[in-house]
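Report on the structure given below.
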Amino acid sequence: MYHFKIFTLWGNILAVYGRRGILSLHFDHTGEEEVKVKAGGSIERIWPDLFTALQNYFKGKRSIDFSRFSVDMKEYPPFTARVLEHIRQIPYGRVCSYSAAARALGCSGGSRAVGRALGRNRLPVIIPCHRVVNQDGCPGGFSSGLEKKLGLLTLEGVKFNELGRINDEVFISR
DNA sequence: TCACGGTCCAACG
DNA sequence: CGTTGGACCGTGA
């Protein structure tokens, strides 16, 4: 298992990387770990790319796409993994509701289960769980702090109307 | 089994 | 519109 630190406008991020792909991202990382990149693995080809993608993303560069990075989902329970893989397809600056995601996975009525699954996401931004919101356009919850969710959505240009809701056209499905 | 969520819906006022 | 109570579903203990 490798790990390395990434410097962004939103602070330091620690990325943990295994043989199969990225395992987790940790925000607000203030530790002093050295960047560890062992020779011979595939990581040194991947990480400069991830490094710049994240830097550009937090600079506010539009439509940054993280789908080319391989992620390791082996540790997630089956439904959770399916939820995470599914919501990975939500494009930059768009959103979808918890219930629509549940429905798409053949689990209509499982909106709370979807929320619970998203709360276990160890790969924020790369797996954009902040793009899943309540059906009525309200932001919904975020286990690591709602301010972060609002910040990420705002960074992507998502606007909230006077009632604090996201308008219809931003949704890919409801 | 049971309790717990990043929810949803209908029924109020 | 805002609030409230109950129902729904996957996990982990």
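Numbers restart at 1 for each chain; the letters A, B, ... are given by sequence-line order, proteins then strands.
For B:dC4, its base never sits under 3.5 Å from the side chain of A:Arg112 at any donor and acceptor pair.
Sequence order on DNA chain B of the closest nucleotides to A:Val133 and A:Ala113 puts A:Ala113 first from the 5' end. Along DNA chain B, the nucleotide closest to A:Val114 and the one closest to A:Gln135 are compared, and the more 5′ of them pairs with A:Val114.
B:dC9 atom C1' lies 17 Å from atom OH of A:Tyr98, rounded to whole Å. Atom CG of A:Leu118 is separated from atom C1' of C:dG10 by 12 Å (rounded to the nearest Å). For A:Phe79 and B:dG5, the CZ to C1' distance is 13 Å, given to the nearest whole Å. In this entry the distance linking CZ of A:Arg116 with P of B:dC8 reads 16 Å, nearest Å. Spacing between atom CG of A:Asn121 and atom C1' of B:dG6 amounts to 11 Å, rounded to whole angstrom units. A:Arg103 has its CZ atom 13 Å from the C1' atom of B:dC9, to the nearest Å. In this structure, A:Ile87 places its CD1 atom 15 Å from P of B:dG6, rounding to the nearest Å.
A:Ser99 comes within 4.0 angstrom of the backbone, heavy atoms only, and of no base. Using a 4.0 Å heavy-atom cutoff across all strands shown, A:Pro78 reaches sugar-phosphate atoms only and no base atom. The residue A:Gly110 sits close only to the backbone: its heavy atoms come under 4.0 Å of sugar-phosphate atoms, none of a base. Contacts of A:Gly119 with the nucleic acid, taken as non-hydrogen atoms under 4.0 Å apart, include base atoms.
For the OP1/OP2 pair of B:dC8 and a distance below 4.0 Å, the side-chain nitrogens and oxygens of A:Asn134 include at least one atom meeting the criterion. Taking side-chain N and O atoms only, A:Thr80 has no distance below 4.0 Å to OP1 or OP2 of C:dG10.
Ring geometry for A:Tyr92 against A:Tyr57 counts as perpendicular: the plane angle is over 60°, on a 0 to 90° scale with 30° as the lower cut. Using cut-offs of 30° and 60° on the angle between ring planes, the pair A:Tyr2 and A:Tyr17 is tilted.
In this structure, the ring of A:Phe51 has its center no less than 6.0 angstrom from the ring center of A:Phe4.
Side-chain contact annotation: A:Thr8 with A:Gln55, donor-acceptor N/O pair under 3.5 Å absent.
Looking at the side chain of A:Phe142, the nearest of the listed nucleotides C:dC9, B:dG6, B:dC4 is B:dG6. Residue A:Arg120 has its side chain nearest to C:dT11 when only C:dG10, C:dT11, B:dG6 are considered. Here the nucleotide nearest the side chain of A:Leu163, chosen from B:dT7, C:dC1, C:dG10, is C:dC1. The side chain of A:Arg165 approaches C:dC1 more closely than any other nucleotide in the set B:dT7, C:dT11, C:dC1.
Both distances falling under 3.5 Å, in either a Watson-Crick or a G-U wobble arrangement, place B:dG5 opposite C:dC9.
Salt-bridge formation is detected for the pair A:Glu156/A:Arg131: a Lys NZ or Arg NE/NH1/NH2 atom is positioned less than 4.0 Å from an Asp or Glu carboxylate oxygen.
For the pair A:Arg82 and A:Phe79, the cation does not sit on the ring face, since its NZ or CZ is not both under 6.0 Å from the ring centre and inside 45° of the axis.
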